Amino acid sequence: MLNEITNESFSFFGLEIELWKVDDSLPAPKFNIVSKPNDWSKTVSSTKKIGSTSVSDTKQKQFFYWQQFKEFMIENNCPVKPTKPYPQHWMSMSVGKSGFTLATTLNSVEKKIGVELYIENDKDKVYFDELEKNKEQINSKIGNATWMRLEERKASRIVYYKTNEDPLDENRWEQQHQWLIMKLNEFNNCFRPLLNQIF
């Protein structure tokens, strides 16, 4: 229950304690987990993979990048709720409408970071076209975004990039995280009410 009503920066476990005794030995405690955070197993699994040789150096760096970004979001009271970090080039967050997500992205090859609205559902092209009718209004709020209809996929993207940024350079992380939060707020303030209004 506590895990459902508290901030993601807190995780609670419920433990049951048993006392085990064998023959004449002193009683020894045994701890049983009876309640845990919903995605704890998934997080532990991902953390184990981070420390294994099966995960590349780049993937490890991505994991730590998003881990620090999540902490940065919480410390700076970002109104967009952060999610668990994983070793991938994006972090998805809710925008309050099914089929739509906000995401922060990084690209170490092209040296850029970005924020996007990702549309993934059976009507993504219909929704994309409807949003594109408001392109001028949207771009005035989020900047001159790149509109990607992605004809070959059941997905579409509206993304704004900051170029000449190397996400593998830890000395740049704080500045990059500041920019990502600023742009994430712009996207959230633009799309959250607009999606509810149009769809």
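In this text the structure is predicted, and so the values were computed from the model without any measurement. In this chain, numbering begins with 1 at the start of the sequence shown.
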Backbone of [Y] reached by a side-chain donor or acceptor of [X] within 3.5 Å:
{"X": "E116", "Y": "T101", "result": "no"}
{"X": "N134", "Y": "Q137", "result": "no"}
{"X": "K162", "Y": "K112", "result": "no"}
{"X": "K141", "Y": "E186", "result": "no"}

If Ile, Leu, Val, Met, Phe, Trp and Tyr residues are connected whenever their side-chain heavy atoms lie under 4.5 Å apart, and connections chain through other members, are [X] and [Y] in the same group?
{"X": "L150", "Y": "V115", "result": "no"}
{"X": "L194", "Y": "V95", "result": "yes"}
{"X": "V159", "Y": "M182", "result": "no"}
{"X": "W90", "Y": "Y118", "result": "no"}

Q) Taking 4.0 angstrom as the limit, do K61 and E170 come out as a salt bridge? A) yes
Q.
Strictly below 4.0 Å, N to O, side chains only: are R172 and E165 in salt-bridge contact?
A. yes
Specify the closest pair of heavy atoms between [X] and [Y], including all atoms of both residues, with the distance to one decimal.
{"X": "P87", "Y": "K59", "result": "O-CD, 3.2 Å"}
{"X": "P82", "Y": "K70", "result": "CB-CG, 3.7 Å"}
{"X": "S108", "Y": "T58", "result": "OG-CG2, 4.2 Å"}
{"X": "I138", "Y": "C190", "result": "CG2-SG, 4.0 Å"}
{"X": "P85", "Y": "M91", "result": "CA-CE, 4.0 Å"}
{"X": "M93", "Y": "L184", "result": "SD-CD2, 3.8 Å"}

Under a 4.5 Å cut-off applied to non-hydrogen side-chain atoms, are [X] and [Y] in contact?
{"X": "I74", "Y": "E71", "result": "no"}
{"X": "L117", "Y": "L131", "result": "yes"}
{"X": "R157", "Y": "I119", "result": "no"}

Q.
Using the salt bridge (Lys or Arg N to Asp or Glu O under 4.0 Å) criterion, which residues pair with R153? Sequence neighbours excluded.
A. none
Q) Does the side-chain contact (heavy atoms from CB on, under 4.5 Å) test come out yes or no for F72 and I181, once each step is laid out? A) CA-CA 9 Å; F72 193 82; I181 282 184; 3.4 Å; yes
Look up atom [atom1] in [X] and atom [atom2] in [Y], then write down how far apart they are to the nearest 0.5 Å.
{"X": "E120", "Y": "K154", "atom1": "CD", "atom2": "NZ", "answer": "10.0 Å"}
{"X": "L180", "Y": "F187", "atom1": "CG", "atom2": "CZ", "answer": "11.0 Å"}
{"X": "H177", "Y": "T104", "atom1": "NE2", "atom2": "OG1", "answer": "8.5 Å"}
{"X": "M148", "Y": "S156", "atom1": "CE", "atom2": "OG", "answer": "9.5 Å"}
{"X": "Q68", "Y": "F63", "atom1": "CD", "atom2": "CZ", "answer": "11.0 Å"}
{"X": "Q62", "Y": "W66", "atom1": "CD", "atom2": "CH2", "answer": "8.5 Å"}

Q.
Quick check on D122: does its CG atom have over 12 non-hydrogen neighbours (other residues, nucleotides or ligands) under 6.0 Å away?
A. no
**Q.** E151 atom CD, neighbour heavy-atom count above 12 within 6.0 Å
**A.** yes
Q. So, for Y65 and W173, is the gap between ring centers shorter than 6.0 Å?
A. yes
(Q) Taking the six-membered ring of F199 as reference, does the cationic atom of K97 (NZ for Lys, CZ for Arg) lie under 6.0 Å from its centre and within 45° of its axis? (A) no
**Q.** From CA spacing to verdict: side-chain contact (heavy atoms from CB on, under 4.5 Å), D129, Y127
**A.** CA-CA 5 Å; D129 292 343; Y127 292 158; over 6 Å; no
Q: For Y161 and N107, run side-chain contact (heavy atoms from CB on, under 4.5 Å): C-alpha distance rounded to whole Å, both residues' side-chain angles, the deciding distance at 0.1 Å, then the answer.
A: CA-CA 10 Å; Y161 290 114; N107 187 322; over 6 Å; no
Q. Step by step, would you call S94 with L102 a side-chain contact (heavy atoms from CB on, under 4.5 Å)?
A. CA-CA 6 Å; S94 172; L102 291 178; over 6 Å; no
